[in-house]
Amino acid sequence: MSIPNVKRYRITNPADAGEVATLMAVLPRETDVDAYLKDAAARFDWKGWREAKAQQYKVRVGQQKQKKSK
């Protein structure tokens with residue numbers, strides 16, 4: 001089950017414009033969305049996001065099945 005009224009917003013890293021992350025939030029109606037996204041991009045943990053993204057695609061090597069010798 002999902003949370004109602006959740007919207008996805010894409011934020012870019014202020015230091016490196018090539019990095020884009022997705023932020024999910026429920027905002028009140030009178031909120032200035034552009035100001036919120038600018039503030040969220042500034043406070044976002046870009047270092048932790050980069051590390052989590054790098055860990056996600058790691059491939060383990062060397063875990064091969066050993067042959068039984070008779």
Side-chain angles (χ1 to χ4, degrees):
M1 220 175 149
S2 64
I3 301 172
N5 302 326
V6 171
K7 291 187 181 179
R8 292 178 185 226
Y9 300 101
R10 297 178 68 80
I11 57 173
T12 57
N13 189 348
D16 181 18
E19 292 181 330
V20 178
T22 303
L23 180 74
M24 296 177 71
V26 177
L27 300 178
R29 290 183 186 169
E30 295 82 26
T31 304
D32 184 13
V33 177
D34 292 329
Y36 173 78
L37 294 177
K38 187 176 180 182
D39 182 48
R43 293 185 295 122
F44 191 74
D45 183 16
W46 290 102
K47 182 181 176 189
W49 177 79
R50 245 182 261 112
E51 291 172 359
K53 191 174 177 183
Q55 268 186 343
Q56 187 176 8
Y57 296 111
K58 268 190 185 170
V59 177
R60 291 189 67 171
V61 180
Q63 294 283 329
Q64 297 163 353
K65 192 173 183 181
Q66 295 182 0
K67 294 180 183 178
K68 288 185 179 179
S69 57
K70 292 184 179 181

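Here the structure is a predicted model, which is why all the values come from computation and not from measurement.
Side-chain contact between Ile11 and Tyr36: absent, with no pair of heavy atoms (C-beta onward) separated by less than 4.5 Å. Within the 4.5 Å cutoff, side-chain heavy atoms of Tyr9 are placed close to those of Leu27.
How far CZ of Phe44 is from CG of Leu37: 12.0 Å, rounded to the nearest 0.5 Å. For the atom pair NZ of Lys53 and CH2 of Trp46, the computed distance is 9.5 Å after rounding to the nearest 0.5 Å.
Contact check on Asp34 versus Lys38 returns no salt bridge, with no Lys/Arg side-chain nitrogen under 4.0 Å from an Asp/Glu carboxylate oxygen.
Not counting sequence neighbours, the partners of Asn5 by the side chain to side chain contact (heavy atoms under 4.5 Å, CB included) test are Val26. Shown here are the side chain to side chain contact (heavy atoms under 4.5 Å, CB included) partners of Arg8, two or more places apart in sequence or in another chain: Thr22, Met24.
The shortest non-hydrogen separation linking Pro14 to Ala41 is CD-O, 3.8 Å.
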